[in-house]
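Let me begin by presenting the structure, written as structure tokens, before commenting on it.
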There are 2 protein chains.
Amino acid sequence: MLKQERHDLIMRQINLHNRVLSSDLVQLINVSEDTIRRDLQEMSDASLLFKVHGGALSKSYHSIFDDSDVYAKEDKIVIAKKAAKLVKDGMVVLTGGGTTILELAKQLPENINATFFTISPLVALELAKYPNIEVILIGGLFSKNSQITYGGHVISQLYEINVDLCLLGTSAIDPKNGLTDTDWEINQLKKAMLNCAKKVAVLCISEKLNTSLRLKLTSLENINYLITELDVNDEKLIDYQAKELKII
Amino acid sequence: MLKQERHDLIMRQINLHNRVLSSDLVQLINVSEDTIRRDLQEMSDASLLFKVHGGALSKSYHSIFDDSDVYAKEDKIVIAKKAAKLVKDGMVVLTGGGTTILELAKQLPENINATFFTISPLVALELAKYPNIEVILIGGLFSKNSQITYGGHVISQLYEINVDLCLLGTSAIDPKNGLTDTDWEINQLKKAMLNCAKKVAVLCISEKLNTSLRLKLTSLENINYLITELDVNDEKLIDYQAKELKII
DNA sequence: CATTTTTTTGCGGTTTCTTGCAGTTTTAAT
DNA sequence: ATTAAAACTGCAAGAAACCGCAAAAAAATG
């Protein structure tokens, strides 16, 4: 293999995963560690990537969206990792938007084999980095605020699909009122999403527990998993026991 | 074997495999290493290929990766600014993907009032920053390589819309062959895009002038604007005069 | 047709590039 | 502090590139 080809391959890996391990490259390309190290050194000199101990990082990792100021990022990563375990090989999954879901899209296992429908372009871009995920972006009007597609066109497309699992962020959750929201359009959309999924998982930072908003989306009985950053036995979650609801 | 025959053979190898090793060519053509080296040197000078230690790589293969880290950014900004002037208040516009189009999305006038259909999530995110642009993201399968939606679902949605202007990047353009491409799916998609637009503008860095690929998209007569970073009177553009085509 | 001119090609010698190895130092995590 | 993994350093062998030259081939010329 020519050096340039190696470099291209490495760039592809980096564009795909935002990072590479030297050891993985050694296996993948089947050359010595030294060669990989020198490759990374050269590419780093040409500022094509950031070289770090053990591998390299994408330079453009700081994507379009500066996610450094994402609120409660650490908590969201914990939630995302838990949620990632729900996604099994062969599944068809539907996701909403939001920073928690976006984090989930980054935390999936490298080689997972699945089909993802999503209404969030950002999530689509993130999912596209996995070699074995098929991504279908549901199109329609694009909301400047929530950065998702919405409107009648989206909803009518949702009626045509049928998924194993729907992963949803939430604005507010409460034992009595269930999931609630403020925006009527988005609420309609989420109802349609729930409607086409066999199972529903709600990702929610503990801060949003015991809050309610004006519009009711659905009650707790209709969701199957509630995922927070808290320990499963945390007392804050006691009130959320429900027949079909598994707390993770 | 004549020199030109050797060159043709080398080009065929490169088009076929995207790469070629000097040592293979020596065996294949049965000439000395020096001859091969000199051949590759000449072809590299004529920028028909990329010469690297040990062989040569296809130029197009290489530029795929260059595009990802915004190759020729300055030129693309010039093109984008010219193209931005085509978009008037009240228009309904359809755009493709690619770095040039993305740059265009950044160069529009602040308060422009328009409706944009797009197959590129990245472009959608960029357009969403304008307060008075309505963005409609056309959904479907998401292509990991070109970062756009594609496939039958996208095409059938394109049949249902009708736009004033279609803004398209291009892989290759040539006076005789018109616009050409390598990917059949993407080509079908672009045909559908042309089909639903009253006017078509092609954005193209001069480097891609006089290049052809395997699949024909359309001939020059069917496009209305050709936008490059060159001066309108540049001699490289002389061959592109066509009845309906305005060079910008 | 003969001869001159130009181009092309292969060869020998030299230089540069690439890669893996061995030994040492640095890093990061416990 | 200990320890294992990774990074660095220098080196050497093999491969490829380069340079100048001269033979061979092709083209041009009178």
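Only this structure's heavy atoms are used, side chains among them; waters, hydrogens and symmetry mates stay out. Reminder, nothing fancy here: chain letters follow the sequence lines and each chain counts from 1. From a predicted model like this one, the values you see are computed outputs, not experimental measurements.
Mapping B:Leu40 and A:Gln41 onto DNA chain D by nearest heavy atom places A:Gln41 closer to the 5' end of the strand. Between A:Gly55 and B:Leu2, the residue anchored nearer the 5' end of DNA chain D, judged by the nucleotide with its closest heavy atom, is A:Gly55.
Between the side chain of A:Asp234 and the backbone N or O of A:Leu237, no donor-acceptor pair lies under 3.5 Å. Looking only at distances, a side-chain donor or acceptor of B:Lys208 sits under 3.5 Å from a matching main-chain atom of B:Thr170. Of the possible donor and acceptor atoms, one in the side chain of B:Glu5 sits under 3.5 Å from a partner among the backbone N and O of B:Leu2.
What separates NE2 of A:His53 from P of D:dA6 is a distance of 7 Å, to the nearest Å. Here the C1' atom of nucleotide D:dA24 and the NZ atom of B:Lys3 are 16 Å apart, to the nearest Å. For the pair A:Gln4 CD and D:dA16 P, the computed distance is 17 Å after rounding to whole Å. Residue A:Met1 contributes atom CE, which lies 15 Å from atom C1' of C:dT18 at whole-angstrom precision. Atom CD1 of B:Ile36 is separated from atom C1' of D:dC18 by 16 Å (rounded to the nearest Å). Rounded to whole angstrom, the span from the CG atom of B:Leu21 across to the P atom of C:dT18 amounts to 14 Å. In this structure, the NE2 atom of A:His7 is 13 Å from the C1' atom of C:dT19, given to the nearest Å. Note: CD (A:Glu42) to P (C:dT18) measures 7 Å, nearest angstrom.
Checking C:dT19, D:dC8, C:dC11 against every side-chain atom of A:Lys51, the shortest atom distance belongs to D:dC8. Listed candidates were D:dC18, D:dT9, D:dG20. Nearest to the side chain of A:Arg37 is D:dT9.
Between A:Leu137 and B:Leu137 the shortest side-chain heavy-atom distance falls below 4.5 Å.
At least one side-chain nitrogen or oxygen of B:Arg6 sits closer than 4.0 Å to the OP1 or OP2 atom of C:dT9. Look at B:Thr35 and you'll find a side-chain N or O under 4.0 angstrom from OP1 or OP2 of C:dG10.
Among the protein residues, A:Val52 comes within range of the sugar-phosphate backbone only, with heavy atoms under 4.0 Å from sugar or phosphate atoms but none that close to a base.
Contact between A:Ile119 and A:Gly97 at its shortest, heavy atoms only, is CG1-N, 4.5 Å.
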